[in-house]
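Structure, as structure tokens:
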Amino acid sequence: MSRYINSELQAFQAKAYLKGEFVDVSEADFKGKWAVVFFYPADFTFVCPTELGDLADNYEEFKRLGVEVYSVSTDTHFTHKAWHDSSETIGKIQFPMIGDPTGAITRSFGVMIEEEGIADRGTFVIDPEGRVQIVEITAGGVGRDANELIRKIKAAQYVANNPGEVCPAKWKEGEQTLAPSLDLVGKI
């Protein structure tokens with residue numbers, strides 16, 4: 001996964017379902033703000049709605065942090081609308097649901113399961129310069145946790161805003177960070 005870190009977001013054009021409308025989305029929409037790109041296998045499935053519902057339940061906190069969430073599957077934007085309209089859980093979503101029926105975006109992020117034509121559960125946090133700062137890829141049966149993602153975003157934002165400091169394991173907002181130096185070698 002380290003090959004992703006600090007890699008630049010690749011150009012793309014797509015349609016998304018957002019708040020009752022179909023909208024165009026491209027890499028240009030990501031520039032200048034933090035973003036989460038949240039790949040999931042397919043609409044109308046089992047683990048996926050629990051994850052997307054968790055993101056929706058925490059969306060206000062993402063927005064408070066200046067983060068836009070983009071969910072992506074290889075379904076179409078039409079399918080996203082149908083799912084949004086038919087599921088109480090998915091109906092809560094207020095962030096763009098990107099359709100990637102050709103798999104181009106999914107492949108560019110390296111999370112396409114080619115033999116199935118669907119995405120792995122991949123999460124990418126993109127900084128305002130369009131560079132990947134966090135990557136998480138889990139097995140199909142393992143759902144992700146929005147609160148843990150928020151904790152990681154807060155750490156990434158802290159490090160970006162405080163050069164020379166790093167966040168240790170389990171760091172939470174307001175806790176002590178570290179300033180790597182020769183004095184710390186062998187002391188932790």
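As the structure is a computational prediction, the values presented were derived from the model and not from experiment. Excluded from the calculations below are hydrogen atoms, water molecules and symmetry mates; all remaining heavy atoms, backbone and side chain alike, are included.
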With side chains defined as the heavy atoms from C-beta onward, is the minimum distance between [X] and [Y] less than 4.5 Å?
X	Y	result
Met97	Ile90	yes
Val132	Val125	no
Asn162	Thr177	no
Ile118	Ser73	no
Phe124	Leu9	no
Glu68	Lys63	no
Phe62	Ile150	yes
Trp83	Leu52	yes

Main chain of [Y], side chain of [X]: is a donor-acceptor contact present, judged purely on distance under 3.5 Å?
X	Y	answer
Asp75	Asp43	yes
Ser87	His84	no
Asp54	Thr50	no
Thr74	Gly117	yes
Arg107	Thr102	yes
Ser86	Ala82	yes
Asp127	Arg131	yes

I'd like to know if [Y] and [X] are part of one continuous hydrophobic network [Ile/Leu/Val/Met/Phe/Trp/Tyr, side-chain heavy atoms within less than 4.5 Å].
X	Y	value
Val37	Ile5	yes
Ile105	Leu18	yes
Tyr40	Val67	yes

Discussion item. Other residues, nucleotides and ligands only: do more than 12 of their heavy atoms fall within 6.0 Å of CD on Glu114?
Written reply: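 Correct, the count exceeds 12.
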Worksheet item: Got a sec: does the CZ of Phe46 have more than 12 other heavy atoms crowding it under 6.0 Å?
Response: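 No, because the 6.0 Å sphere around CZ of Phe46 holds 12 heavy atoms or fewer from other groups.
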Where is the tightest heavy-atom contact between [X] and [Y], given as atom of each residue plus distance?
X	Y	value
Cys48	Arg121	SG-NH1, 3.4 Å
Asp24	Asp29	O-OD2, 4.0 Å
Glu27	Gln10	CB-O, 3.6 Å
Gly143	Val47	CA-CG1, 3.7 Å
Ile137	Gly122	CG1-CA, 4.2 Å
Pro96	Ala16	CB-CB, 4.2 Å

Taking the six-membered ring for Trp, is the centroid-to-centroid distance between [X] and [Y] below 6.0 Å?
X	Y	result
Phe95	Tyr70	no
His77	Tyr17	no
Phe109	Tyr4	no

Worksheet item: Are Lys154 and Glu175 close enough for a salt bridge, meaning some N to O gap below 4.0 Å?
Response: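 Between Glu175 and Lys154 there is no salt bridge, as every charged N stays at least 4.0 Å from the carboxylate O atoms.
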Discussion item. Taking the basic N atoms (NZ, or NE/NH1/NH2) and the acidic carboxylate oxygens, is any pair closer than 4.0 Å for Lys31 and Glu129?
Written reply: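 So Lys31 does not pair with Glu129 through a salt bridge.
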Item to complete: Kindly indicate, with the supporting measurements, whether the criterion side-chain contact (heavy atoms from CB on, under 4.5 Å) is fulfilled by Leu149 and Thr123.
Response: CA-CA 9 Å; Leu149 178 57; Thr123 308; 3.8 Å; yes
Could you state the interatomic distance from [atom1] ([X]) to [atom2] ([Y]), rounded to the nearest 0.5 Å?
X	Y	atom1	atom2	answer
Ile126	Glu8	CD1	CD	10.0 Å
Glu51	Thr45	CD	OG1	8.5 Å
Ser71	Asp100	OG	CG	11.5 Å
Ser26	Ile98	OG	CD1	9.5 Å
Glu21	Lys81	CD	NZ	11.5 Å
Glu61	Ile153	CD	CD1	9.5 Å

Practice prompt. Show the numbers, then the answer: is there a side-chain contact (heavy atoms from CB on, under 4.5 Å) between Lys15 and Val23?
Written response: CA-CA 6 Å; Lys15 289 278 187 195; Val23 297; over 6 Å; no
Worksheet item: Please walk me through it: do Lys152 and Glu136 pass side-chain contact (heavy atoms from CB on, under 4.5 Å)?
Response: CA-CA 11 Å; Lys152 291 177 184 178; Glu136 178 183 30; 4.1 Å; yes
Worksheet item: Should Tyr158 and Trp171 be marked as a ring-ring contact (aromatic ring centres under 6.0 Å, His included) after you check the CA-CA gap, both sets of side-chain angles, and the distance that decides it?
Response: CA-CA 11 Å; Tyr158 184 91; Trp171 178 87; 5.5 Å; yes
Discussion item. Over 60° means perpendicular and under 30° means parallel, so tell me whether Phe12 and Phe30 are parallel, tilted or perpendicular.
Written reply: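 Ring orientation of Phe12 relative to Phe30: perpendicular.
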Fill in: Candidate pair Leu65 and Trp34, rule side-chain contact (heavy atoms from CB on, under 4.5 Å), full reasoning
CA-CA 8 Å; Leu65 294 171; Trp34 287 84; over 6 Å; no
Discussion item. A cation-pi test, strictly: NZ or CZ of Arg144 under 6.0 Å from the centre of the six-membered ring of Phe38 and no more than 45 degrees from its axis. Yes or no?
Written reply: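 Output yes; distance and angle both within limits.
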